Amino acid sequence: MKDLRGIEAIAFDLDGTLVDSAPDIRHALNAALEDAGLEHFDLDTVRAWIGDGPDALIAQALCRHGIDAGDDARARLRQAFDAHTLAAPLRSGRVFDGIAELFAGLRRRLPMVVVTNKPTPLARAVLDAAGLLPFLAGVHGADTVAQRKPSPSLLRAAADRLGVASARLLMVGDALPDLLAAEAAGCPAALVAWGYGGHAAANAMPRAWRLATPQQLLLSAIEPGARQSEEIVKTRRSTCQSQARLR
Ligand SMILES: O=C(O)COP(=O)(O)O
């Protein structure tokens, strides 16, 4: 696919797609490691580990330090990582250029959700600090290992919650797990050029729709033929609200 014809909702990945969060993730990881008396890692190293969630990030750091930590030590590191993230969700990171305009432009056209390997409370904190939370119809974070992309479970949950068929929910992400999760869930996907994992993903899936800029996605949404009525947004919002009331 090369445009938004037939698309009724969009699921965005978070880290590396909406937010350049690597500096904050590095800070939280290093602060947690420091609490445990371990050495820091530089930004490039940490950036390359982002995308599988904090438990995988901590596992990478421990592996690089050559430490075979037990479950308790990992849990303590994770607790510290979460606390440092919540204390400063977006201190040095930033929203990628063009994302605020994209959200403002899409708001009345298509419902938007976030589907991320970050656990939901951390994802909501980052999105809130980024000013993006009010635009979203839902935040689906990986709160268990089984939910982590490339598992299709979060995308399926998002489609159900929105009341759209998977084939009409576009996944927009920067890395291979995003594309693989979309494929497994039966969702179309777009790979952004500005994120962290784009090269590996583009090599693995060369036929993926590539988005050079957020503006490209916005233009696709407002082209004739791809225009979505505000009715879709209103219907989806009221579906979400009634489902939320039932929960
Ligand atoms: O690694 C993370 O913390 C989350 O990554 P994602 O938002 O790219 O899914």
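Being a predicted model, the structure only gives us computed values, none of them experimental. Just so you know, ligand 1 is whichever comes first in the structure, and atom 1 is the first atom listed for that ligand.
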K.L.:
Cluster question for you: counting only ILVMFWY and a side-chain heavy-atom cut-off of under 4.5 Å, with indirect links fine, are Leu133 and Leu86 together?
P.N.:
yes
K.L.:
Under the ring pair (Phe, Tyr, Trp, His ring centres under 6.0 Å) rule, collect the residues that match up with His65, sequence neighbours excluded.
P.N.:
Phe41
K.L.:
Flag Asp13 as yes when one of its N or O atoms lies below 3.5 Å from any N or O atom of ligand 1, and as no otherwise.
P.N.:
yes
K.L.:
If you have a sec, work out which protein heavy atom is nearest atom 4 (C) of ligand 1 and how many Å separate them, to one decimal?
P.N.:
Asp15 OD2, 3.0 Å
K.L.:
Could you work out, with side chain to side chain contact (heavy atoms under 4.5 Å, CB included) as the rule, every residue matching Gln60, not counting sequence neighbours?
P.N.:
Trp49
K.L.:
Which atoms of ligand 1 are found less than 4.0 Å from any heavy atom of Lys149?
P.N.:
9 (O)
K.L.:
Among all the protein's non-hydrogen atoms, which is closest to atom 1 (O) of ligand 1, and how far away is it?
P.N.:
Gly51 N, 2.7 Å
K.L.:
Run the numbers for me: atoms of ligand 1, each under 4.0 Å from some heavy atom of Leu14, listed by number.
P.N.:
7 (O)
K.L.:
Could you verify whether a donor N or O on one side chain and an acceptor N or O on the other, from Asp24 and Ser21, lie under 3.5 Å apart?
P.N.:
no
K.L.:
State plainly whether one hydrophobic cluster holds both Ile67 and Phe81, where clusters connect Ile, Leu, Val, Met, Phe, Trp and Tyr through side-chain heavy atoms under 4.5 angstrom apart.
P.N.:
yes
K.L.:
Answer yes when Asp52 and Arg148 have at least one side-chain N-carboxylate O distance shorter than 4.0 Å, and no when they do not.
P.N.:
no
K.L.:
Does Asp44 come within less than 4.0 Å of Arg47, counting only side-chain N to carboxylate O?
P.N.:
yes
K.L.:
Backbone or side chain, does any N or O of Pro54 fall under 3.5 Å from an N or O of ligand 1?
P.N.:
no
K.L.:
Below 3.5 angstrom, do we get any N/O pair linking Gly53 and ligand 1?
P.N.:
yes
K.L.:
Need the ligand 1 atom indices (1-based, order shown) with element for anything under 4.0 Å from a heavy-atom of Thr116.
P.N.:
4 (C), 6 (P), 7 (O), 9 (O)
K.L.:
Taking 4.0 angstrom as the limit and counting only heavy atoms of Asp52, give me the atoms of ligand 1 inside it, by number and element.
P.N.:
1 (O)
K.L.:
Kindly confirm or rule out an N or O of Asn117 lying under 3.5 angstrom from an N or O of ligand 1.
P.N.:
yes
K.L.:
Which ligand 1 atoms does Lys118 reach within 4.0 Å, using its non-hydrogen atoms?
P.N.:
3 (O), 4 (C)
K.L.:
List the steps, then state whether ring pair (Phe, Tyr, Trp, His ring centres under 6.0 Å) holds for Phe12 with Phe135.
P.N.:
CA-CA 12 Å; Phe12 290 95; Phe135 293 90; over 10 Å; no
K.L.:
Counting each atom of ligand 1 from 1 as listed, which ones have a heavy atom of Ile50 under 4.0 Å away?
P.N.:
1 (O)
